[in-house]
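Right, one structure below, let's go through it.
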Amino acid sequence: MTIQGHAILRTVAEELHVSEDDLLRQGLRSFLERQLCQVKAEIFEISGRYGVSSVEEMEAHYEDGTLEEADSWRDLQRLDHLEYKRDRLLQLLETLS
């Protein structure tokens with residue numbers, strides 16, 4: 001953290017009457033929760049578009065021929081990435097508990 005960042009942290013912590021550690025932890029938690037909300041919203045949007053609940057279910061639709069891969073493979077890749085990111089954000093939030 002820069003000297004200026006540390007000074008801002010100290011000032012805000014003093015103003016709010018909380019420790020710098022608590023302020024950092026709460027700030028990180030809030031940031032991660034906002035990121036998680038955005039990821040979940042995008043997962044919901046892609047899942048809803050194809051009527052699936054997960055990457056595995058989407059892949060099953062490819063296998064049984066009820067979903068055309070040519071039109072949706074980018075969304076499958078995006079959904080896979082988003083599910084990984086969601087899981088990682090949840091793990092990071094657990095470390096703050």
Side-chain angles (χ1 to χ4, degrees):
M1 183 180 316
T2 66
I3 294 172
Q4 182 182 8
H6 189 67
I8 292 169
L9 178 65
R10 186 178 328 114
T11 300
V12 172
E14 288 173 2
E15 185 69 28
L16 297 176
H17 305 288
V18 297
S19 72
E20 291 178 24
D21 285 343
D22 284 344
L23 182 58
L24 276 174
R25 190 175 299 106
Q26 289 176 32
L28 285 171
R29 174 171 290 287
S30 178
F31 176 79
L32 291 172
E33 287 172 346
R34 278 194 315 273
Q35 293 292 308
L36 182 60
C37 184
Q38 291 171 353
V39 166
K40 284 182 172 182
E42 196 169 346
I43 288 171
F44 181 77
E45 188 251 319
I46 294 172
S47 297
R49 185 178 312 144
Y50 298 101
V52 299
S53 61
S54 68
V55 167
E56 290 80 14
E57 188 176 346
M58 196 167 177
E59 288 173 339
H61 284 290
Y62 287 143
E63 291 174 12
D64 67 18
T66 58
L67 183 59
E68 190 64 39
E69 189 174 347
D71 298 331
S72 59
W73 67 273
R74 284 191 179 136
D75 283 337
L76 173 70
Q77 290 177 334
R78 182 71 181 148
L79 183 58
D80 187 46
H81 170 74
L82 290 166
E83 287 182 355
Y84 170 81
K85 191 171 181 179
R86 176 201 58 206
D87 295 345
R88 188 65 185 123
L89 286 166
L90 288 168
Q91 290 171 348
L92 291 169
L93 280 165
E94 282 183 25
T95 65
L96 292 174
S97 297

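When a residue number appears, it is its place in the shown sequence, counting from 1. All of these numbers come straight from a predicted model, not from anything done at the bench.
Listed by chain and number, the residues in a salt bridge (Lys or Arg N to Asp or Glu O under 4.0 Å) with R34 amount to none (sequence neighbours excluded). Residues forming a side-chain hydrogen bond (donor to acceptor under 3.5 Å, both in side chains) with E63 (at least two apart in sequence, or on another chain): none. Applying the salt bridge (Lys or Arg N to Asp or Glu O under 4.0 Å) criterion to E33, with sequence neighbours excluded, gives R29. Residues passing the side-chain contact (heavy atoms from CB on, under 4.5 Å) test with S19, sequence neighbours excluded: D21, D22.
Within the model, atoms CD of E59 and CD of E56 stand 6.5 Å from one another, a figure rounded to the nearest 0.5 Å. L93 CG to L28 CG: the interatomic distance, rounded to the nearest 0.5 Å, is 9.5 Å. Atom-to-atom distance recorded for D75:CG and Y50:OH is 3.5 Å, nearest 0.5 angstrom.
The hydrophobic cluster containing V18 also contains L24, counting ILVMFWY residues as joined when their side-chain heavy atoms lie under 4.5 angstrom apart, directly or transitively. Connection of I8 to L16 is established within a shared hydrophobic cluster, with ILVMFWY side chains joined at heavy-atom distances below 4.5 Å, either directly or through further cluster members. Residues L9 and L96 fall into different hydrophobic clusters, defined by Ile, Leu, Val, Met, Phe, Trp and Tyr side chains chained together at heavy-atom separations under 4.5 Å. Neither I46 nor F44 shares a network with the other; the hydrophobic side chains, linked directly or stepwise wherever heavy atoms of I, L, V, M, F, W or Y lie under 4.5 Å apart, form separate groups for each.
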Acceptor/donor pairs from residues 36-43 side chains to any protein atom, 3.5 angstrom cut, sequence neighbours excluded:
from	atom 1	to	atom 2	distance (Å)
E42	OE1	R78	NH2	3.0
E42	OE2	R78	NE	2.8
E42	OE2	R78	NH2	3.3

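Annotation for L79 and S47: closest pair CD1-OG, 4.0 Å, computed over non-hydrogen atoms. Summarising the geometry of G51 relative to E57, their closest heavy-atom pair is O-OE2, 3.7 Å, with the distance given to 0.1 Å.
Here the side chain of T95 pairs a donor or acceptor atom with the backbone of L92 at under 3.5 angstrom.
For the 3.5 Å distance criterion, the side chains of R88 and Q91 qualify, holding a donor opposite an acceptor.
Counting non-hydrogen atoms of other residues, nucleotides and ligands closer than 6.0 Å to OH of Y62 gives a total above 12.
Taking the side chain as every heavy atom from C-beta outward, M58 and S72 approach each other to under 4.5 Å.
Residues in residues 1-16 take part in no side chain to side chain donor-acceptor pair (under 3.5 Å) pair, two or more places apart or across chains.
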